[in-house]
Amino acid sequence: MSIAAIIVAAGRGIRAGGERPKQWQRVAGKRVIDWTLAAFRGVPAVERIVVVVHPDDMGELSGEPGITVTEGADTRAGSVCNGLAALEGVGATHVLIHDAARCCVSPDQIAEVIAALGPDCPAAAPALPVSDALWQGEDGLVTGTQERTGLFRAQTPQGFDRDMIAAAHATAPEGAADDVEVARAAGIPVRILPGRESNLKITTPEDFARAETILRGPMDIRTGTGFDVHRFGPGDHVMLCGVAVPHDRGLQGHSDADVGLHTLADAIYGAMAEGDIGRHFPPSDPQWKGAESHVFLSHAAGLAAERGFRITNVDLTLICETPKIGPHAAAMQARVSEIIGLEVDRVSVKATTTEKLGFTGRGEGIAAQAVATLVRP
Ligand SMILES: Nc1ccn([C@@H]2O[C@H](COP(=O)(O)OP(=O)(O)OP(=O)(O)O)[C@@H](O)[C@H]2O)c(=O)n1
Ligand SMILES: C[C@](O)(CO)[C@H](O)COP(=O)(O)O
């Protein structure tokens with residue numbers, strides 16, 4: 001078996017609206033056609049891909065590797081015929097015919113159609129049984145009901161013996177909705193395969209949002225933790241969460257030793273599996289000597305935004321006997337909120353002592369721990 005795919009993309013997408021036909025519009029970060037092509041490229045059995053485009057759009061796929069682009073016609077059936085013509089003489093035994101507008105099709109679905117085709121099965125296509133009641137209606141009123149048993153919603157890719165579907169199209173009646181209708185008119189039996197709700201055809205403007213949700217996949221929710229310690233040394237203040245807190249000692253470190261901001265940055269990096277602050281700002285690099293630590297936290301938050309994550313909350317605990325954090329907690333909360341661009345009520349800054357136990361209890365330094373939650377829709 002040698003499989004070719006014809007992706008019809010020559011429609012004008014009138015019902016979907018927008019400045020460009022729907023197949024050239026973007027959804028989930030790529031053009032509709034790019035998602036469709038990616039699904040077919042994900043199936044190794046598909047040896048050739050022909051994309052049928054409107055004569056005005058021939059440049060849209062220039063430079064796209066491994067595909068043949070051919071001109072479409074005024075009707076979907078006409079565009080399919082042009083696609084079939086482009087396959088003449090290339091040796092494909094079977095052909096999958098697919099709407100470019102069904103950009104959420106999965107490689108699994110495509111592979112299932114291919115697997116069904118063979119000597120005993122010249123045609124197969126996915127469909128979903130109709131599950132809702134069906135009515136007739138006129139002027140806003142129900143005028144009748146329709147038995148739904150045995151009714152299916154047709155999807156693509158529709159797969160065929162290439163010679164048989166080419167011959168069927170040559171004698172097809174005008175106005176066929178799809179290639180299964182063409183095949184049946186020529187007496188070719190068509191096997192029904194399980195379709196997928198996700199294999200929707202972008203038809204109206206609302207379908208873009210549905211496709212976006214499907215293509216982006218489930219919401220990605222991440223949690224990261226941070227922990228850091230800095231030792232006391234000489235000084236008259238400590239920097240904590242971007243606030244200078246008067247104290248009889250300072251904190252030692254390569255930068256301004258802001259243990260709060262370092263811990264928050266590590267929590268955000270951690271949520272993205274991006275190591276810690278030392279990976280992004282090596283202590284061996286002299287340019288970070290004495291640096292203000294808001295630079296590090298801004299970088300972590302910026303990286304999250306770049307990757308499509310929204311920080312939904314951060315929760316920081318400073319661990320020390322002195323200085324007292326309570327009087328400064330609101331200012332720290334406000335400063336962190338400003339640095340990472342997160343509402344104040346999603347930033348928690350609190351403190352605890354260790355009841356005079358351990359190194360923080362002995363007043364040797366300050367520790368901090370934090371949790372950050374990131375969400376990518
Ligand atoms: N003359 C045509 C008409 C349609 N198609 C393609 O057939 C698929 C299914 O058609 P449909 O969803 O009806 O797309 P449009 O014709 O573009 O939509 P509309 O009817 O809203 O203009 C689409 O990928 C479309 O680009 C095509 O290649 N050539
Ligand atoms: C082929 C098809 O996708 C099957 O559902 C559909 O018939 C094509 O789109 P149209 O809206 O009917 O033009």
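This one's a predicted model, so the numbers in the text were calculated from it and none came from an experiment. Start at 1 with the first residue, then count along the sequence. Atoms within each ligand, like the ligands themselves, are counted from 1 in listed order.
- Ranking the protein heavy atoms by distance from atom 1 (N) of ligand 1 puts Ala73 O, 2.9 Å first.
- Counting protein heavy atoms only, atom 5 (N) of ligand 1 is closest to Gly11 N, 3.4 Å.
- With hydrogens and angles disregarded, a donor-acceptor distance shorter than 3.5 Å links the side chain of Gln158 to the backbone of Asp179.
- Taking 4.0 Å as the cut-off, Ala9 counts as a neighbour of ligand 1 on heavy-atom distance.
- In this structure, ligand 2 sits under 4.0 Å from heavy atoms belonging to Arg15, Arg76, Asp99, Arg102, Ala154, Thr156, Ala177, Asp178, Lys201.
- Side-chain contact between Leu193 and Val113 is present, with at least one heavy-atom pair separated by less than 4.5 Å.
- Between His280 and Tyr269, the angle of the ring planes stays under 30°, which puts this pair in the parallel group of the 30/60° scheme.
- At least one side-chain heavy atom of Phe208 sits under 4.5 Å from a side-chain heavy atom of Ile202.
- Atom numbering of ligand 1 starts at 1 in the shown order; those under 4.0 Å from a heavy atom of Ala101 are 24 (O).
- Looking only at side-chain heavy atoms (C-beta outward), Gln23 and Asp99 stay at 4.5 Å or farther from each other.
- A donor-acceptor contact closer than 3.5 angstrom links the side chains of His262 and Ser255.
- For atom 8 (C) of ligand 1, the closest non-hydrogen atom on the protein side is Asp99 OD1, 3.3 Å.
- The cluster map of Ile, Leu, Val, Met, Phe, Trp and Tyr, joined by side-chain heavy atoms under 4.5 Å apart, puts Ile114 and Val190 in different clusters.
- Counting protein heavy atoms only, atom 6 (C) of ligand 1 is closest to Val8 O, 3.6 Å.
- Put simply, part of Asp74 is less than 4.0 Å from ligand 1, judged by heavy atoms.
- Taking only nitrogen or oxygen atoms, main chain and side chain alike, Lys22 reaches within less than 3.5 Å of ligand 1.
- Under a 4.0 Å heavy-atom criterion, His54 is not in contact with ligand 1.
- For Ser348 and Asp315, the side-chain atoms include at least one donor-acceptor pair closer than 3.5 Å.
- Looking at atom 13 (O) of ligand 1, its nearest protein heavy atom turns out to be Arg15 NH2, 2.8 Å.
- The nearest protein heavy atom to atom 10 (O) of ligand 1 is not closer than 4.0 Å.
- The closest side-chain heavy-atom distance from Met239 to Val243 is not below 4.5 Å.
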Exercise. Apply side-chain hydrogen bond (donor to acceptor under 3.5 Å, both in side chains) to the pair Thr70 and Asn82, showing each step before the final yes or no.
Key: CA-CA 7 Å; Thr70 194; Asn82 291 1; 6.0 Å; no
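- Close contacts of ligand 1 with Ala100, meaning ligand atoms under 4.0 Å from a residue heavy atom, involve 24 (O).
- Side-chain atoms of Thr360 and Thr354 form a donor-acceptor pair, as typed in the model, at a separation below 3.5 Å.
- Inclusion of Val52 in the set of residues having an N or O under 3.5 Å from an N or O of ligand 1 is not warranted.
- Nearest protein heavy-atom contact of atom 29 (N) of ligand 1 is Ser79 OG, 2.8 Å.
- At a 4.0 Å heavy-atom cut-off, ligand 1 touches Thr75 through the backbone alone.
- When the shell of 6.0 Å around CZ of Arg184 is examined, it contains 12 or fewer heavy atoms from other residues, nucleotides or ligands.
- With a 4.5 Å cut-off on side-chain heavy atoms, Val238 and Leu240 count as touching.
- Side-chain atoms of Thr322 do not come within 3.5 Å of backbone N or O of Lys324 as any donor-acceptor pair.
- The nearest heavy-atom contact from the protein to atom 22 (O) of ligand 1 is Ile14 N, 2.7 Å.
- Nearest protein heavy-atom contact of atom 15 (P) of ligand 1 is Gly13 N, 3.7 Å.
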